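The first residue in the sequence is number 1, and the count goes up from there. Keep in mind it's a predicted model, so treat the numbers as computed, not measured.
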Amino acid sequence: MIRICSTEDVPKGAVISADVDGVQIALVHGEDDAFYAVRDECSHAAVALSEGEVSGCTLECWLHGSRFDLRTGEPTGLPATEPVPVYPVEVRDGEIYVSMTPSNGVTR
């Protein structure tokens, strides 16, 4: 697990982008108060998902409106049809840690 930041750095409903070992991830503080990490790149148009909007447990791409389930990486709204990698997140003592082994098996 790699330390990313403090929980205080990511307000509820916010997204930050972080470089972890050369991979850009979008770290999301979901509206359910959980933290999620996905590859910071839309599988449809290769733009930063961290610039999108959080709604419930989904993250919407700002360019074409594709939505991704933060728990599974699966697209829940077109035009994206391919999932994005989802990384396990652990919160310890107010710090957020991420494993760079995708929990959903997607590696693209």
Side-chain angles (χ1 to χ4, degrees):
M1 295 290 242
I2 299 167
R3 182 193 173 278
I4 305 300
C5 62
S6 166
T7 55
E8 295 176 1
D9 294 334
V10 191
K12 187 184 272 191
V15 186
I16 64 165
S17 182
D19 182 302
V20 182
D21 291 340
V23 176
Q24 286 298 126
I25 64 163
L27 183 65
V28 181
H29 189 167
E31 293 175 358
D32 61 354
D33 214 26
F35 290 89
Y36 301 94
V38 298
R39 172 89 44 90
D40 192 10
E41 181 178 85
C42 180
S43 63
H44 170 254
V47 298
L49 287 175
S50 59
E51 297 177 23
E53 296 292 320
V54 178
S55 178
C57 284
T58 64
L59 181 57
E60 182 175 329
C61 179
W62 63 271
L63 188 59
H64 296 119
S66 294
R67 288 180 308 283
F68 297 91
D69 187 309
L70 293 166
R71 299 162 294 194
T72 65
E74 291 294 323
T76 60
L78 294 173
T81 58
E82 297 296 319
V84 294
V86 173
Y87 304 102
V89 175
E90 192 175 301
V91 176
R92 293 188 299 235
D93 300 321
E95 302 293 317
I96 301 169
Y97 295 82
V98 173
S99 168
M100 292 309 293
T101 303
S103 59
N104 62 347
V106 176
T107 58
R108 84 148 203 83

Could you list the residues that satisfy side chain to side chain contact (heavy atoms under 4.5 Å, CB included) with Val23, not counting sequence neighbours?
-> Ile25, Arg39, Tyr87, Met100
Taking only distance into account, with no hydrogens and no angle test, what donor-acceptor pairs under 3.5 Å do side-chain atoms of residues 55-62 form with protein atoms, sequence neighbours excluded?
unit_1: Thr58; atom_1: OG1; unit_2: Ser55; atom_2: O; d: 2.7
unit_1: Trp62; atom_1: NE1; unit_2: Ala48; atom_2: O; d: 3.3

More than 12 foreign heavy atoms under 6.0 Å from CD of Glu53: is that the case here?
-> no
Between Pro83 and Pro75, is any pair of side-chain heavy atoms under 4.5 Å apart?
-> yes
Not counting sequence neighbours, list each pair that qualifies as a side-chain hydrogen bond (donor to acceptor under 3.5 Å, both in side chains) and has a residue in residues 14-30.
-> Ser17-Gln24, Ser17-Asp40, His29-Asp33
Sequence neighbours left out, what passes side chain to side chain donor-acceptor pair (under 3.5 Å) with Asp32? Give chain and number order.
-> Tyr36
Separation between CG of Asp9 and CD1 of Ile16, rounded to the nearest 0.5 Å | 6.5 Å
May I ask you to test the Val98-Val20 pair for a side-chain heavy-atom distance under 4.5 Å?
-> no
Which residues share a side chain to side chain donor-acceptor pair (under 3.5 Å) with Asn104, sequence neighbours left out | none
Side chains of Thr72 and Val86: closer than 4.5 Å at any heavy-atom pair?
-> no
Inter-residue atom distance Leu49.CG - Cys42.SG, 0.5 Å rounding = 5.5 Å
Heavy-atom side-chain proximity of Val84 to Val106 below 4.5 angstrom | no
Quick note, side-chain hydrogen bond (donor to acceptor under 3.5 Å, both in side chains) partners involving residues 91-102, not counting sequence neighbours, are Arg3-Glu95, Glu90-Arg92
Are Phe35 and Val28 co-members of a hydrophobic cluster defined by side-chain heavy atoms under 4.5 Å apart?
-> no
Under 4.5 Å between any side-chain heavy atoms of Pro85 and Val38, yes or no?
-> no
For residues 73-86, which residue pairs qualify under side-chain hydrogen bond (donor to acceptor under 3.5 Å, both in side chains), counting only residues two or more places apart or in two chains?
-> none
Are Ile4 and Val91 linked, directly or through other ILVMFWY residues, by side chains that come within less than 4.5 angstrom of each other?
-> yes
From Leu78 CG over to Ser66 OG, what is the distance, rounded to the nearest 0.5 angstrom?
-> 7.0 Å
Is there a path of hydrophobic side-chain contacts, each under 4.5 Å between heavy atoms of I, L, V, M, F, W or Y residues, that connects Leu70 with Val15?
-> yes
